Undergrad: 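This is the structure, below, for whatever I ask next.
The shown structure was predicted, so the numbers you read here are calculated from the model rather than taken from an experiment.
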Amino acid sequence: MTTAVVTPGVVTTAAESTTSLVQSVDWLAIAPPVVVASVALIVLVADLFLPEERKPLLGQVTIAGLVAALALLVPLRDGDRSTFCLTAATTGTGTTGACSYTADHFALVIQALVLGGALLTALLSLGDTRRLPAGEFWFLLLSSASGAALLAAARDLATLVVALEVASLPAFALVGIKRGDRRSSEAALKFFLSSVVATAVMLLGVSFVYATTGTLHLTEIAARLDDVPGQLDTLAKAGVVLTLVGFAFKTAAAPFHFWVPDTYVGAPLPVAAYLSVVGKAVGFSGLILVTVIAFPAYADVWGPALAVLAALTMTTGNVAALRQNATRVRSAVRLLAWSSVAQAGYLLVPIAAAAYSSDEHIGSTVAYALMYAVVNLGAFAVAALVARTNPGNRISDYRGLYATRPLTALAMAFFLLCLAGLPPGIIGLFAKVTVLSAAVDAGLGWLAVVMAVNVVIALYYYLQWTAALFRAPEETAVDEAAPAPTRHRAPASLTAAIALTAVAGVVLSGAPQTVLKFAAVNLF
């Protein structure tokens, strides 16, 4: 007869030596994405019963749900909770094995970024859903945010892929949600087709990695890739490369960036803002997890590849942004789109550097992502405000903005200077110096030089746009019989989004070192 041994989360016998399939569940650890997903379902059902005049309540419920999810990150701030863990059965005791979900410091920082970005997107959207199906919009936004929050804490490839698709699939629909708009439909189709191809390539890579290691948990993959049989080494390298290709698409790294400009221009402005920040956070957090945690044994493969991708991406984005015509329709959004491609190149630098030194450089990527999220959302918020009176949203439409909306112009100038890395945008300068230092410390001097050149290139179009804000408005012939132009009052939610991002940027510029301390992570 065997003796039964009862341990938390598992019931085994002393004679058992196999891994139990019973997993523990820490409901507090998984609360943030679960709350967001639950609110998404509530919004979807409520939309069926609410009359049209009560639809604005759905936006308020969405904001309340995102605030609640952010609040639930506070009890997790110690960052030491794991759940959905396999329990290895040993003689008389149960020891925790690999886990599928870990709410560590890295996960919490990315979840704060994702949920905060979704919250600001919701504020931007409150006054913009009058022409969109409100219930569907809020449901899709919350669904995508829940997947993005889940991905940051995923610690096995299956959960990682599922979370990535949960974050991506609603985003396709959000891009094409403007019914009857040909540009929106075309953007959604391009986004969908290119993403599906990238996902298929990534799944092929994941299957190769699984065939090589026999496991999907990131920590176990890392251990088994250290000792891959010679006949499987080529298969393992192919799996690593193909997996990286999928995440390179999500991060908009060149040459997988071609979908970005048309998608941003065709999507509603709040959705473009969401993709530029939350979509990028999803791609980079997934890329960090698979490279630094799962594939450190093949750093000689992904390190040089990411360094080349970083140089190519920042150069492609900046050169394309430099060529934008200020009088072209939607040139402001198109420039922000190419700028986001260039910023993706900067974000790749510390990840590439981690292959040559240590994973401490990952904190530089996270710090840069936090800075970029705040100021880029602020720039899109100003673009949404300008678009209310100038639907063409040309860069030339911003000329003389200071004369009509001085505070908005000052905020936009601050956001652009942060992106350029110039004072008074100290947080932008600090972030760029941190990333540049990561490249130098890792011995990637050539990459640091490429980045420095690209920063100088970017100064031109950022400063050109900034200068336009303070120029005298163009004089046009005035018809005395025509009524005086009316100034549209900005929705309170849009004003709040601009104010929040501006205040956050100013505070962070006052104490930039706190960002790096907050984002400092150790994945091992």
Undergrad: Would Met451 and Lys432 count as a side-chain contact (heavy atoms from CB on, under 4.5 Å) here? Give the steps.
TA: CA-CA 9 Å; Met451 180 179 172; Lys432 282 185 169 57; 4.3 Å; yes

Undergrad: I'd like to check Phe106 versus Leu289 (side-chain heavy atoms, cut-off strictly below 4.5 Å). Are they in contact?
TA: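 Counting from C-beta outward, Phe106 and Leu289 do come under 4.5 Å.
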
Undergrad: Using modelled atom types only, decide if a donor and an acceptor are shared between the side chain of Ser168 and the backbone of Leu164 within a distance under 3.5 Å.
TA: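 Answer holds: yes.
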
Undergrad: Under the 3.5 angstrom rule, does the side chain of Ser144 hit a backbone N or O of Leu140 as a donor-acceptor pair?
TA: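 Not at all, since once roles are kept as given, no pair shorter than 3.5 Å links the two residues.
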
Undergrad: If the condition is side chain to side chain contact (heavy atoms under 4.5 Å, CB included), which residues does Pro75 pass it with, not counting sequence neighbours?
TA: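 So Pro75 forms a side chain to side chain contact (heavy atoms under 4.5 Å, CB included) with Leu28.
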
Undergrad: Which residues pass the ring pair (Phe, Tyr, Trp, His ring centres under 6.0 Å) test with Phe256, not counting sequence neighbours?
TA: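 Listed in chain order: nothing, the list is empty.
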
Undergrad: Taking distance alone, no hydrogens or angles, what donor-acceptor pairs closer than 3.5 Å link side-chain atoms of residues 497-509 to residues at least two apart or in another chain?
TA:
residue, atom, partner, partner atom, Å
Thr501, OG1, Ala497, O, 2.9
Thr501, OG1, Ile498, O, 2.9
Ser509, OG, Ile426, N, 3.4
Ser509, OG, Ile427, N, 3.3
Ser509, OG, Gly505, O, 2.9

Undergrad: Sequence neighbours excluded and cut-off under 3.5 Å, please list the side-chain donor-acceptor pairs for residues 112-119, or say none.
TA:
none

Undergrad: Quick one: side chain to side chain donor-acceptor pair (under 3.5 Å) pairs with a partner in residues 373-383, sequence neighbours left out?
TA: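 Residue pairs with at least one partner in residues 373-383: Ser276-Asn376, Tyr372-Asn376.
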
Undergrad: With a cut-off of 6.0 Å (strictly less than), are more than 12 heavy atoms of other residues, nucleotides or ligands near OH of Tyr402?
TA: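 Counting other residues, nucleotides and ligands, OH of Tyr402 stays at 12 neighbours or fewer.
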
Undergrad: Distance check, rounded to the nearest 0.5 Å: Leu174 atom CG versus Ser184 atom OG?
TA: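 Atom-to-atom, Leu174:CG and Ser184:OG are 10.0 Å apart.
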
Undergrad: With rounding to the nearest 0.5 Å, note down the distance linking OH in Tyr264 to CG in Leu335.
TA: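 Going from OH on Tyr264 over to CG on Leu335, the span is 13.0 Å.
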
Undergrad: Using the side-chain contact (heavy atoms from CB on, under 4.5 Å) rule, take Leu287 and Leu348 through it: C-alpha gap first, then chi angles, then the decisive distance, then the call.
TA: CA-CA 9 Å; Leu287 189 63; Leu348 283 169; 3.6 Å; yes

Undergrad: Heavy-atom distance under 4.5 Å between the side chains of Leu459 and Leu422, does that happen here?
TA: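 A side-chain contact exists here, since the closest heavy-atom pair is under 4.5 Å.
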
Undergrad: Tell me, which pairs form a side chain to side chain donor-acceptor pair (under 3.5 Å) where one or both residues lie in residues 409-420, sequence neighbours left out?
TA: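 Residue pairs with at least one partner in residues 409-420: there are none.
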
Undergrad: Looking at every heavy atom in both Trp138 and Ser125, which two are closest together, and how far apart are they?
TA: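 Minimum heavy-atom separation between Trp138 and Ser125: CH2-CB, 3.7 Å.
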
Undergrad: Working to the nearest 0.5 Å, report the span between NZ of Lys190 and OG1 of Thr263.
TA: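 If we round to the nearest 0.5 Å, Lys190:NZ and Thr263:OG1 are 7.5 Å apart.
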
Undergrad: With a 4.5 Å cut-off on side-chain heavy atoms, are Pro424 and Leu417 touching?
TA: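 The answer is yes, as the side chains (C-beta and beyond) meet within the 4.5 Å cut-off.
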
Undergrad: Ignoring hydrogens, what is the shortest heavy-atom contact between Gly425 and Phe414? Give both atom names and the distance.
TA: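 Looking at all heavy atoms of both residues, the closest pair is CA-CE1, 3.9 Å.
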
Undergrad: Compare every heavy atom of Val282 with every heavy atom of Ala148, then report the nearest pair and how far apart it is.
TA: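 Distance-wise, the nearest heavy atoms are CB-CG2, 3.3 Å.
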
Undergrad: Can a donor-acceptor pair be found, under 3.5 Å and without considering hydrogens, that links the side chain of Ser364 to the backbone of Ala431?
TA: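 Such a contact is absent between Ser364 side chain and Ala431 backbone.
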
Undergrad: Indicate yes or no: at least one non-hydrogen side-chain atom of Val333 is less than 4.5 angstrom from one of Leu336.
TA: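 No. Closest side-chain heavy atoms not under 4.5 Å.
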
Undergrad: Measure the CZ-CG distance between Phe415 and Leu410 for me, rounded to the nearest 0.5 Å.
TA: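 That separation rounds to 11.0 Å.
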
Undergrad: Show me the pairs that pass salt bridge (charged side-chain N to carboxylate O under 4.0 Å, His left out) and involve residues 29-56, at least two apart or across chains.
TA: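 Every salt bridge (charged side-chain N to carboxylate O under 4.0 Å, His left out) pair that includes a residue of residues 29-56, provided the two are not neighbours, is Asp47-Lys55.
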
Undergrad: Find the distance between CZ (Arg405) and CE (Met412) and round it off to the nearest 0.5 Å.
TA: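 Reported to 0.5 Å precision, the distance equals 13.5 Å.
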
Undergrad: So which atom in Ala342 and which in Asn318 form the shortest heavy-atom distance, rounded to 0.1 Å?
TA: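 Here Ala342 and Asn318 meet closest at CB-OD1, 3.4 Å.
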
Undergrad: Could you tell me if the side chain of Val271 sits less than 4.5 Å from the side chain of Phe137, heavy atoms only?
TA: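 Yes. Closest side-chain heavy atoms under 4.5 Å.
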
Undergrad: Decide yes or no for Leu189 and Glu186: does some side-chain heavy atom of the first lie under 4.5 Å from some side-chain heavy atom of the second?
TA: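 Counting from C-beta outward, Leu189 and Glu186 never come under 4.5 Å.
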
Undergrad: Check the pair Leu447 / Val349 against side-chain contact (heavy atoms from CB on, under 4.5 Å), numbers first and verdict last.
TA: CA-CA 8 Å; Leu447 185 56; Val349 172; 4.0 Å; yes

Undergrad: Is the shortest heavy-atom distance from the side chain of Leu150 to the side chain of Gln111 under 4.5 Å?
TA: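 No. Closest side-chain heavy atoms not under 4.5 Å.
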
Undergrad: Taking side chain to side chain contact (heavy atoms under 4.5 Å, CB included) as the definition, give me every residue that meets it alongside Ser146, ordered by chain and number, with sequence neighbours left out.
TA: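 Ser146 satisfies side chain to side chain contact (heavy atoms under 4.5 Å, CB included) with Val36, Ala37, Val166 only.
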
Undergrad: Keeping to residues at least two apart or across chains, list the ring pair (Phe, Tyr, Trp, His ring centres under 6.0 Å) pairs with something in residues 314-353.
TA: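 Those involving residues 314-353 are His257-Trp338.
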
Undergrad: Going by ring pair (Phe, Tyr, Trp, His ring centres under 6.0 Å), name the residues that satisfy it together with Tyr398, two or more places apart in sequence or in a different chain.
TA: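 Checked Tyr398 against ring pair (Phe, Tyr, Trp, His ring centres under 6.0 Å); matches are Trp465.
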
Undergrad: Write out all pairs satisfying ring pair (Phe, Tyr, Trp, His ring centres under 6.0 Å) with one or both partners inside residues 29-51, taking only residues at least two apart or from two chains.
TA: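 Found none.
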
Undergrad: Does Tyr274 reach the main-chain N or O of Ala171 with its side chain, forming a donor-acceptor pair under 3.5 Å?
TA: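 No; zero donor-acceptor contacts below 3.5 Å.
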
Undergrad: Looking only at heavy atoms, what is the nearest atom pair of Phe139 and Ala40, with distance?
TA: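 Closest pair (atom of Phe139, atom of Ala40, distance): CD1-O, 3.2 Å.
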
Undergrad: Without swapping roles, check the side chain of Thr313 against the backbone of Ala254 for a donor-acceptor pair under 3.5 Å.
TA: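 Here the side-chain-to-backbone pair exists.
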
Undergrad: Could you check whether atom OH of Tyr461 has more than 12 heavy atoms from other residues, nucleotides or ligands sitting under 6.0 Å from it?
TA: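 Atom OH in Tyr461 is crowded, with more than 12 foreign heavy atoms closer than 6.0 Å.
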
Undergrad: Do the side chain of Arg394 and the main chain of Ala332 share a donor and acceptor less than 3.5 angstrom apart?
TA: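 Here the side-chain-to-backbone pair does not exist.
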
Undergrad: Thr199: what forms a side chain to side chain contact (heavy atoms under 4.5 Å, CB included) with it, not counting sequence neighbours?
TA: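 Side chain to side chain contact (heavy atoms under 4.5 Å, CB included) list for Thr199, sorted by chain: Glu165, Ser195, Leu203, Lys250.
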
Undergrad: Within the distance-only criterion (no hydrogens, no angle test), does the side chain of Arg388 pair as donor or acceptor with the backbone N or O of Leu385 below 3.5 angstrom?
TA: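 Not a single qualifying donor-acceptor pair exists.
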
Undergrad: Kindly compute the distance separating CG (Leu142) from CG (Leu58), expressed to the nearest 0.5 Å.
TA: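 Reported value, rounded in 0.5 Å steps: 10.0 Å.
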
Undergrad: Taking the side chain as every heavy atom from C-beta outward, state whether Asn325 and Ser331 have any atom pair closer than 4.5 Å.
TA: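 No, every pair of side-chain atoms sits at 4.5 Å or beyond.
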
Undergrad: To check you understand the geometry: which heavy-atom pair defines the closest contact between Gly65 and Val39, and what is its length?
TA: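 Smallest interatomic distance, heavy atoms only, reads CA-CG2, 3.9 Å.
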
Undergrad: Describe, in one word, how the ring planes of Phe191 and Trp259 are oriented to each other, choosing from parallel (under 30°), tilted (30 to 60°) and perpendicular (over 60°).
TA: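 Rings of Phe191 and Trp259: parallel, under 30°.
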
Undergrad: What's the verdict on side-chain contact (heavy atoms from CB on, under 4.5 Å) for Leu120 and Leu123, showing C-alpha distance, side-chain angles and the deciding distance?
TA: CA-CA 5 Å; Leu120 286 170; Leu123 289 174; 4.1 Å; yes

